[in-house]
Amino acid sequence: MSESTHHAQHPHHFFDAEAGPVVRPYAMTRGRTSSTAHHRLDLIALVVPEPAAHHPVHDQSLSPEHVEIVERCEDTPQSIAELAAGLDLPVGVVRVLVGDLVEDELVHVTRPVPPAELPDVNILREVINGLRAL
């Protein structure tokens with residue numbers, strides 16, 4: 001039996017039967033490696049649904065992955081890293097998908113405070129010591 005005959009008889013034959021159908025990451029992002037959103041999407045940036053946004057299930061322009069991202073964040077904000085792990089997708093793909101959702105105003109992203117803007121531990125200790133001295 002030739003290879004083409006084998007595929008014609010078994011239309012759902014996969015190279016790795018346990019893997020099932022595989023959608024390449026670039027297909028999910030339509031070949032994009034970054035979004036047009038001007039947000040820096042760090043691994044620990046939190047994705048939070050917009051309260052006034054419509055539910056994404058009704059939006060025909062969104063992929064199932066977009067919808068799942070919003071649904072995963074509804075109860076508890078999720079970081080980019082958590083979403084990537086939960087969806088079993090590369091971080092780069094999740095960044096592009098979240099960027100799309102930010103553009104569509106379905107979610108917003110809270111960025112972590114840069115280390116340079118965090119208060120100095122020594123200053124905080126001095127404040128605590130000063131309060132204790134009162």
Colleague: Treat each ILVMFWY residue as a node, draw an edge where side-chain heavy atoms are under 4.5 Å apart, and state whether Leu87 and Val109 are in one component.
Modeller: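 In one cluster with Leu87: Val109, yes.
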Colleague: Could you go through residues 126-134 and list every donor-acceptor pair under 3.5 Å that involves a side-chain atom there, pairing it with any protein atom two or more places apart or in another chain?
Modeller:
from   : atom 1 : to     : atom 2 : distance (Å)
Asn129 : ND2    : Arg125 : O      : 3.3

Colleague: Is a donor on one side and an acceptor on the other found under 3.5 Å between the side chain of Arg72 and the backbone of Gly86?
Modeller: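 Answer holds: yes.
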Colleague: Once you round to the nearest 0.5 Å, how far does CG of Leu89 lie from CG of Leu97?
Modeller: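 If we round to the nearest 0.5 Å, Leu89:CG and Leu97:CG are 7.0 Å apart.
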Colleague: Give a yes or no on whether Val67 and Val93 share a hydrophobic cluster (residues Ile, Leu, Val, Met, Phe, Trp, Tyr; joining criterion: side-chain heavy atoms under 4.5 Å apart).
Modeller: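 Yes, one cluster joins them.
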Colleague: Could you work out, with side-chain contact (heavy atoms from CB on, under 4.5 Å) as the rule, every residue matching Leu43, not counting sequence neighbours?
Modeller: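 Counting only residues at least two positions away or on another chain, Leu43 forms a side-chain contact (heavy atoms from CB on, under 4.5 Å) with Ala81, Val91, Arg95.
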Colleague: So, taking the atom named CG in Leu101 and the one named CD in Glu65, what distance separates them when rounded to the nearest 0.5 Å?
Modeller: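 The distance works out to 11.0 Å.
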Colleague: Once you round to the nearest 0.5 Å, how far does CD1 of Ile80 lie from CD1 of Ile69?
Modeller: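 Nearest 0.5 Å value for the CD1-CD1 distance: 7.5 Å.
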Colleague: List the atom of Ala84, the atom of Val94, and the distance in Å for their closest heavy-atom pair.
Modeller: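 Looks like CA-CG2, 3.6 Å.
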Colleague: Test: side chain to side chain donor-acceptor pair (under 3.5 Å). Region: residues 80-90. Which pairs qualify, not counting sequence neighbours?
Modeller: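 Output for this query lists Ser79-Glu82.
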Colleague: So Val102 and Val107, do their side chains get closer than 4.5 Å, heavy atoms only?
Modeller: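 They are in contact (side-chain heavy atoms under 4.5 Å apart), so the answer is yes.
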